[in-house]
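Accompanying notes for the structure given below.
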Protein chains: 2
Amino acid sequence: MDSPSTRSLELLALLQSGRTWTAHDLAARLRVSARTVRRDAMRLRGMGYDVSSRPGPGALYALRPSMKIPPLLLSADEVSTIITSILILEAWLPDDAKAATARTKLEQVLPGGLQRRAAAVALSTQVLREAPASVDWELVGTIADSVATGARLGFDYTDQRGRHSRRRVEPYRHLLRQQYWYLVAYDLDRDDWRLFRLDRMEASTISPGPHAHRAFPWNSIEDWLTSDFGASDEH
Amino acid sequence: MDSPSTRSLELLALLQSGRTWTAHDLAARLRVSARTVRRDAMRLRGMGYDVSSRPGPGALYALRPSMKIPPLLLSADEVSTIITSILILEAWLPDDAKAATARTKLEQVLPGGLQRRAAAVALSTQVLREAPASVDWELVGTIADSVATGARLGFDYTDQRGRHSRRRVEPYRHLLRQQYWYLVAYDLDRDDWRLFRLDRMEASTISPGPHAHRAFPWNSIEDWLTSDFGASDEH
DNA sequence: AAGATGCGGCCAGTATGCGGCCGCAATTGC
DNA sequence: GCAATTGCGGCCGCATACTGGCCGCATCTT
């Protein structure tokens, strides 16, 4: 299953996930010692892959996309993962056909063996619906693009008390919390960080960036929500 | 420069070029014997790469693109949907790298514009973790296959009171409910429908089918759970 | 300042991969 | 249909290359 000669590929796949890892994490995943992970990373660097690392607490192994990476293929387990995750969303959004059609189309382009696996997972899995949450996928795309390009966003907003206003913000993150979708953004008029529920946003327009990305002044969104939630437009 | 442990990557790069090769060519290029090339190709196949080959004069070693998504297959919204659903699973299973690596690999096979959209969605979205739930993807695959083929499943089970037993069942559905994963199956020894928590199953073996699919005698799994949950092995 | 983490040298033990050989199968071209 | 070419994978003995542990040192966070 895992042999030294294929470990370089597995390591590459792990690093490519975008997560950061400690040598110890990688060692556990690959079932080798940390020393060997360091050696493997060194070999990858020797082949031209930009494996970055940094010592100290909160250490980091990551792959900077520098050169072309060989096509890393989906394993059967990963196909199970993808199909399952789409099924979860289908269960959450039973009136939204996007997920189901996407899953079907995806299955069609998988090679034979994986196609059977995907169909089997879809057939054998049932998700009991937990929390209804509908979302406007076009708005999700708009937010995604504006975050990626550093563009600003304008929209009509109706707050929890029913007051209407026009907002101009710098989007920071799109957030799923409990059963609602939110936008975490810097409100340019109110000069503060705010939380907006996506289903209360309307007529959004994107004003082309790029602007510099504003630094989010908390360690994490969780920190912000727990320390400061009273000040935002949503609880 | 060229060591056994990185040769799989080099071979992949050579095959990726689109050329076709004879084993002898590859052997010369990689400075190993043709026998070793065959072994390497075998390992790649074992990892899911579709390395095609054909004997005879004008022979051929090539890498068939296993999954390539045509530009018009998926809409931007559908890509947002898929990526989001994987992100949700990533948030649920923060210690499971499968979802993250799968998402990254998926991004790679998307055509350019959609690839940017996928990256943007992943960058701009954050999911706050609701319920921890870990799952053994290999077991998910086993269940999927057994449901698809009508095979039976045997496994060691530890029930909620800590009692161990060996079970022989006919799997019906794989179920995500609240924060746990379950198997809905017909227990052949107890002659009844039962619910098994996946994390309490061990040493599962599949006994080849196909057997006829047993009819599930309720309208839905929800109905069964609400009407009859006292009789099952899990609440 | 302290703790966490990465780096890479060294070394002994050994697992792993290697090459060569084989009979067999598949494909091409005559 | 036959011969030539090439891939497949089992087997075996050998030695290379990998492994893990240990170390002192550098780097980064708190």
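All values below were derived from every heavy atom in this structure, side-chain atoms included, with hydrogens, water molecules and symmetry-related copies excluded. Here is the naming used below: chain letters follow the sequence lines, and residue numbers restart at 1 for every chain.
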Exercise. Is a side-chain N or O of A:Lys105 found less than 3.5 angstrom from the main chain of B:Leu73, in a donor-acceptor match?
Worked result: yes

For this session: Give the minimum heavy-atom separation between B:Leu14 and B:Trp21, together with the two atoms involved.
Result: O-NE1, 3.4 Å

For this session: Would you check if the side chain of A:Arg152 reaches a backbone N or O of A:Ser207 as a donor-acceptor pair within less than 3.5 Å?
Result: no

Exercise. Is the distance from OP1 or OP2 of C:dG17 to the nearest side-chain N or O of A:Ser5 less than 4.0 Å?
Worked result: yes

Problem set entry | Boundaries of the DNA chain D segment in contact with chain A, non-hydrogen, under 4.0 Å | D:dC18 to D:dT29

Exercise. In terms of the nearest nucleotide of DNA chain D, which residue is placed more toward the 5' end: A:Asp40 or A:Arg54?
Worked result: A:Asp40

For this session: Say whether, by atom type as modelled, one donor and one acceptor occur between the side chain of A:Arg194 and the main chain of A:Asp187 under 3.5 angstrom.
Result: no

For this session: Determine to 10° how strongly the helix from C:dA1-D:dT30 to C:dC30-D:dG1 is bent, judged from the axes of its five-pair ends.
Result: 80°

For this session: Look up atom CD1 in B:Ile86 and atom OG1 in B:Thr81, then write down how far apart they are to the nearest 0.5 Å.
Result: 11.0 Å

Exercise. Do any side-chain nitrogens or oxygens of A:Ser53 fall under 4.0 Å of OP1 or OP2 in C:dC7?
Worked result: yes

Exercise. Under 4.0 Å between a Lys/Arg side-chain N and an Asp/Glu carboxylate O for A:Arg7 and A:Asp40?
Worked result: yes

Problem set entry | Donor-acceptor pair (no angle test) under 3.5 Å: A:Arg35 side chain, C:dG9 base | yes

Exercise. When you match A:Pro55 and B:Arg45 each to their closest nucleotide on DNA chain D, which lands nearer the 5' end?
Worked result: B:Arg45

Seminar exercise, completed: note: B:Glu10, atom CD; C:dG17, atom P; distance rounded to Å ~ 15 Å

For this session: Answer with yes or no after comparing the ring centroid distance for B:Phe196 and B:Tyr157 against a 6.0 Å cut-off, counting only values under it.
Result: yes

Problem set entry | Residue closer to the 5' end of DNA chain C, A:Tyr61 versus B:Val37 (nearest nucleotide) | A:Tyr61

Exercise. Tell me: CH2 of A:Trp21 to C1' of C:dT5, nearest whole Å?
Worked result: 17 Å

Exercise. Is a salt bridge present between A:Arg190 and A:Asp192, judged by a nitrogen-to-oxygen distance below 4.0 Å?
Worked result: no

Exercise. Between C:dA4 atom P and A:Arg38 atom CZ, what is the distance in whole Å?
Worked result: 16 Å

Exercise. Would you say B:Ser5's side chain and A:Pro4's backbone share a donor-acceptor pair under 3.5 angstrom?
Worked result: no

